[in-house]
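Everything numeric in this text was worked out from a predicted model, so none of it was measured.
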Amino acid sequence: MVDQQQEREDKYDVSRGWGLPDLRDLVPLGGRIETAEFALDNTYFDTASNHLSQLGVTLRRREGGPDAGWHLKVPQGVTRNEITNSSDSASLPDDLAALVTGLRAGEELAPIAKVTVTRTVHRLLAEDDAVLIEVADDLVDAATMGEESRLTTWREVEVEVKPAGGVRLMKAVGKRFRAHGAVRSAYGSKLGRALGEQPTAAPREDGSVGALVADYVHAQCEEFVRCDLGLRLGEPEVHKFRVAIRRLRSTLRVFGPLFDAERVAQLEPDLIWLAGLLGEVRDRDVLRARLAEQVSELPTEMVLGPIASQIETTLLLERAEHLARVTDAQDGERYQTLMRQVMQWRTAPPVTKLGRKPASAVVKFVRTAERKVQKRLSLANGEVEGLHGARKAAKRYRYATELSAPAVGRSATKTVKETTKLQTQLGEHQDSVVSAAFLRRMAAAAGSSEGHNGFTYGILIAQEWQRAEEIQRDAGRRWAKKSGGKKG
């Protein structure tokens, strides 16, 4: 069984002869400092393509010390999510193996480095013995594994804040260390240093539109992979997952000429497939919140029967069914193929020669996306499918504007806000359409069940129809005002 905790630490490089400064004055009244020594043997694992290392993820088996077992560390902003299993097995435990299935992208895991650490731990304790800060003074010997072995040795000090402590105390300890000659480490992990990775990634910005688009694609692929792991951990990542896919697909559409067409044709169908699976789950989440609020706002005399519980139960069951399909898909070959493609696009998107144009060329693509919104709205004529198409075009325009921000400046922020309003309005229309269809299904079932009737469902359907009609009338006017009456 795995355990999880948030880990926040700062690393410092120090010389072999560096002396740890006195920290007793930083301990609160009644507290103390506890010291212990450990010998730690760590074996790190990755795929042949180094998928985990590229993402800043580390997987290791540790022997020795109080936290022996398997450790999976995943970057999460300024912290890391540390997922552990205390098994002493030489084989990766099933629960951790399931979590890294997506990260492996179909490749096998193998040992890539051995890191031996002689650790002296200093724990700053409060009066009640709660650990505030843990200082790990490490002498490290590392050897990479493969066709050639790289041997390195160094000393570093880690300062980790514990739940009972605080960032202020961690910073005070770090300031004390720097005053005594410690230097903040440029490496995020011992593995990265052992492998000889560059301390910072080489900048990709070269002033070209290709680099601008590649950076945006990179960010969406990073989010895609993060959401994959989040879903496997049972976290509520469905909506974020769908948004990452939408942004990626939008970029492929709007900036299509900048990418190799064959590679796009390979990637897009699988993105559409996965987005569809996630969409079924997300629709139930939206409907649950939407209809629970609407039922609660009805006068009591208008609610005949256990309407709220019927809706909630039906949607929860349907959500569980569709989420199970997503989970099954994540372990399938098609998904693994998609993950491999996402990994490739993350590091090396297939940008064509057109990508060499200056970043200012992005404006042409954004304007084309804007004209498509105008055209679809003008042709929608209040029709459901037409408005739904306009909504999708508005999303693509919004995401293209987001992408262009580094090149066009502050004007992009205003445009994104305005387009988000239109997108939200058209999204409300689509939600009304989907909600009305679900309510009709519930009303039909209630009408054929003893002790139930469709009266309340009829009221809710009428309300959804009214909302949809109001939006149909207003959507075109709102956009026409924003665009100054321009037609595409």
Notebook entry, point to check: Would you call Glu222-Arg226 a salt bridge at under 4.0 Å N-O?
Noted result: no
Check: Going by an N to O cut-off under 4.0 Å, is there a salt bridge joining Arg232 and Asp331?
Finding: yes
Margin query: Over 60° means perpendicular and under 30° means parallel, so tell me whether Phe255 and Phe365 are parallel, tilted or perpendicular.
Written below: tilted
Note to self: Could you walk me through whether Trp18 and Tyr12 satisfy the ring-ring contact (aromatic ring centres under 6.0 Å, His included) test, starting with their C-alpha distance in whole Å, then the side-chain angles of each, then the deciding distance to 0.1 Å, before giving a yes or no?
What the structure shows: CA-CA 11 Å; Trp18 183 78; Tyr12 297 90; 8.6 Å; no
Notebook entry, point to check: Does the pair Lys171/Asp10 count as a salt bridge with the N-to-O cut at 4.0 Å?
Noted result: no
Item checked: Near-ring test Phe45/Trp70, centroid separation under 6.0 angstrom -> yes
Next item on the list: Report yes if the distance between the aromatic ring centroids of Trp154 and Tyr187 is under 6.0 Å, otherwise no.
Entry: no
Check: Under 6.0 Å between ring centres, would you say that holds for Trp345 and Phe259?
Finding: yes
Checklist line | Salt-bridge present (Arg340, Glu333; N to O < 4.0 Å) | finding: yes
Check: Is the shortest side-chain N to carboxylate O distance from Glu321 to Arg319 below 4.0 Å?
Finding: no
Margin query: Please determine whether a side-chain nitrogen of the Lys or Arg among Arg247 and Glu223 lies less than 4.0 Å from a carboxylate oxygen of the Asp or Glu.
Written below: no
Item checked: Smallest separation among heavy atoms of Val209 and Leu354, with atom names -> CG1-O, 3.8 Å
Notebook entry, point to check: Does the pair Arg119/Asp137 count as a salt bridge with the N-to-O cut at 4.0 Å?
Noted result: no
Next item on the list: State plainly whether the residues Arg8 and Glu82 are in salt-bridge range, i.e. N to O under 4.0 Å.
Entry: no
Item checked: Cationic N near anionic O, under 4.0 Å, Asp13 to Arg184 -> no
